[in-house]
Novice: 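Here's a structure for you.
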2 protein chains.
Amino acid sequence: MPTTMSLAVKLHFTSTTHLGNSTKTTSLQSLSAKFRPTPISHFNPLTSALYKPRMSNFPKSKSSSFVIKSSLIEPDGGALVDLVVPESLRAAKTVEAESMPKVRLTKIDLEWVHVLSEGWASPLRGFMREDEYLQSLHFNFLRMKDGSIVNMSLPIVLAIDDTTKERIGSSSNVGLVGPSGDLIGFLRSIEIYKHNKEERIARTWGTTAPGLPYVEEVITPAGNWLIGGDLEVLKPIKYHDGLDHYRLSPKQLREEFDRRNADAVFAFQLRNPVHNGHALLMNDTRRRLLEMGFKNPVLLLHPLGGFTKADDVPLDVRMQQHSKVLEDEVLDPETTIVAIFPSPMHYAGPTEVQWHAKARINAGANFYIVGRDPAGMGHPTEKRDLYDPDHGKKVLSMAPGLGKLNILPFRVVAYDTVAKKMEFFDPSRAKDFLFISGTKMRTYARNGENPPDGFMCPGGWKVLVKYYQSLQAEEATQQPATVSS
Amino acid sequence: MPTTMSLAVKLHFTSTTHLGNSTKTTSLQSLSAKFRPTPISHFNPLTSALYKPRMSNFPKSKSSSFVIKSSLIEPDGGALVDLVVPESLRAAKTVEAESMPKVRLTKIDLEWVHVLSEGWASPLRGFMREDEYLQSLHFNFLRMKDGSIVNMSLPIVLAIDDTTKERIGSSSNVGLVGPSGDLIGFLRSIEIYKHNKEERIARTWGTTAPGLPYVEEVITPAGNWLIGGDLEVLKPIKYHDGLDHYRLSPKQLREEFDRRNADAVFAFQLRNPVHNGHALLMNDTRRRLLEMGFKNPVLLLHPLGGFTKADDVPLDVRMQQHSKVLEDEVLDPETTIVAIFPSPMHYAGPTEVQWHAKARINAGANFYIVGRDPAGMGHPTEKRDLYDPDHGKKVLSMAPGLGKLNILPFRVVAYDTVAKKMEFFDPSRAKDFLFISGTKMRTYARNGENPPDGFMCPGGWKVLVKYYQSLQAEEATQQPATVSS
């Protein structure tokens, strides 16, 4: 529970807040005001959104006796959406869905069905109809019936081609068939509208340059129509890849946070191996939350598990690597939950980071750690970052509907060659620090070289070396034989 | 004042409203609920925004005695921004500005200075700093200090090149110099940030295709930096083109509405000549507002006066044409105010129509008429409209910060070959109707042919014919002589 104790503590995190024409910095302590026992339904998402009260507005002593629970942060829209048909109705609903015209899902469509069915996108109850699509595309939020808003920065849509549209005809419901032919669920009260790919891409990514991974994989080959409607899924989505036990739904995560009596949940989104720099940030966050008076802050280490681009480390390797990080106790297993976030990756920078944060609200997180250039990548055709590395955290801090989440931008971490460990970058002795990029890390692993001591725990590093060496072996096998002259 | 009288009236206008997953249609009468004497400052722009109360929620009899005035709609942010230096301070401020590093404005930059200085973009007080730019680009709104939001869909920014940036150095203020070298004003507490043109274009237009008029004219040649700051203008912006008397500021318009005792102001944005179809819509709107119980609805006929693309009819010709329409009493001069809206045109469809509507709130309009494909144009490289023609009114009806404005989407008007006049299109006798496109109209005018009787008042038509003939004469002069073999 927040106490005045924390007021004397020097903080690393700052939260950038937009106040008219000026930018103010709010210290982490001041965020504790968020934990007053205000029922979330009284929150005005607009007035409360960015205007985190400054410290001077707080009561200096706190004698209230409320209990902080992880469930203090309500899911968007007030209740977690669950679109899985109850077992008792499954047989009847299956028969019903079998009679509907069918839409065939791609692997990535199915990932979105998974995301929707478990309520990560709460209060969205299915693929977007046009009104939702337009709000998402133009404003990054959806307005609810009661006038409140929820963040929704990525269009969650299902594309169909002309033939499928014709086959659907005037039906109001369609069955959804998975990539392997099994009946997955159905959409009710459908709406079919035009899929203007160019506009969708431009407004989502801020570029239409060729080579955006999600665009090439998903949008370019997709049909010219979008179909929205209320989704129902016949049974929970499973992948049978040995990782399903990591795929905790928002409901399961909330139960786990409660079971552990978490009084703060801080989420860390990642799609890369965890090095000691990440660990430093996460451990430092926990330390600071403890200093603020929280008794049991729990870390949600939450790797993204859906579509990623070809040169990212595959999910199974990352999960092995994350296991080692916990085994080696770089992160404390007692206060860390590792789970898979089932969303596909857009690499859409400031637009996508809002989705990453919003989904974690639904999973019960009330603190979100955001780094440099979140969800960013290199520009596909120019030699520069696609996004300004600072825009992600700036846009996130100003995003509609995310006011109830505490955004924690993190300081730069680099390898300190003197202390021989990952440390917060100190500009006064910049020459002592080494920045180890993803490319550099991959080069080490590929060549079987070790990175500097203290960059990553040895167990985790071994997983990566093994992966990159298997990749090289595979590449070698696939090379056509060459004959030297 | 709204009365129950109007309940029996068949209405032409409908307003599309987003209610969660379903779309409801609200009749114009129901909008009268907006005119209950709620002080606008008590309006919650979010809860009130789209959820216009349905008719059944209204008191059936109204006995209130409040007086409706045009000033019932407050400018965004509560007060109209006026950035023109008071005359008493002009000399001192001029001396001050002369000592600052200078930024040279283009003709179109100066149009934006004009727009900002008169408060069309209230509460914006100058060219956008990065926080404002990012909110505009990603969310189409700005959040104020009190947590309320105002619509702001177009980035209003000033670009500078590397040399200018270097010249400014660490100065916090810059002087602004007009295209002809005169000192216009200055920006205080400046902020310089990167001008990512590709991202700006993609997010504003939903395309990066070559051939967008504003992009080619303004953005492509502009510098790689944007400079934001608080604007002050040394004296009102004038063009000395014989049309300045039409350039009424929002303050002047509000004074004029009050002088005429307007109890409703309905704005019609246009950048084309007025034909009788437009006139039908405007007159029909007035009739319906009268039927609703308003005593003196005033039309703001508000042609856009800033940058337009080369093949649009030039402003001076349009103003002549509009004069004739009033002279011929196609529109009633007693209840119509013709004025120039000084903004440049983006041709950015659903994004820009929000700007067009928002600026008219600041000028005192509480009704806004929106047509098919507002601010749209043909795709510059593909054979299709750049925007879905319905998206403009849909996006406008859902746009953040525009809830206090009554959006009036209009029905399709076409030439009725039986009645020999412009009429609301009746699909039951579609074959009787003729659609006269802008291209068709220009062909008539260019060939000196008359359009069908009743398409446009003769006086207005003559203005167009004269213009297109002068254009042809000019073209003929510019053609190199050809020798036939």
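Here is the naming used below: chain letters follow the sequence lines, and residue numbers restart at 1 for every chain. Predicted model, so just to flag it, every value in this text is computed and none were measured.
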Novice: For a quick check under 3.5 Å, do A/Glu198 and B/His379 share a side-chain donor-acceptor pair by atom type?
Specialist: yes
Novice: Please flag which part of B/Arg200 lies under 4.5 Å from any non-hydrogen atom of chain A: side chain, backbone, both or neither.
Specialist: neither
Novice: Taking the side chain as every heavy atom from C-beta outward, state whether B/Asn196 and A/Tyr387 have any atom pair closer than 4.5 Å.
Specialist: no
Novice: Is B/Ser189 in contact with chain A via its backbone, its side chain, both, or neither, using a 4.5 Å heavy-atom distance?
Specialist: neither
Novice: Heavy atoms only: give me the nearest B/His138-A/Pro350 pair and the separation to one decimal.
Specialist: CE1-CB, 3.8 Å
Novice: Could you measure the distance from the OG1 atom of A/Thr204 to the CZ atom of B/Arg203? Nearest 0.5 Å is fine.
Specialist: 8.0 Å
Novice: For A/Phe139 and B/Ala399, work out which heavy atoms get closest and say how close.
Specialist: CZ-CA, 3.4 Å
Novice: Would you name the heavy atoms of A/Met398 and B/Leu134 that are closest together and state the gap between them?
Specialist: CE-CB, 3.8 Å
Novice: When only pairs under 4.5 Å are counted, which of B/Ile201, B/Asp388, B/Leu137, B/Leu386 shares the most heavy-atom pairs with chain A?
Specialist: B/Asp388
Novice: Taking every non-hydrogen pair under 4.5 Å, which of B/Lys194, B/Glu382, B/His391 racks up the most with chain A?
Specialist: B/His391
Novice: Nearest heavy-atom pair of A/Ala202 and B/Gly206: which atoms, and what distance?
Specialist: CB-C, 3.3 Å
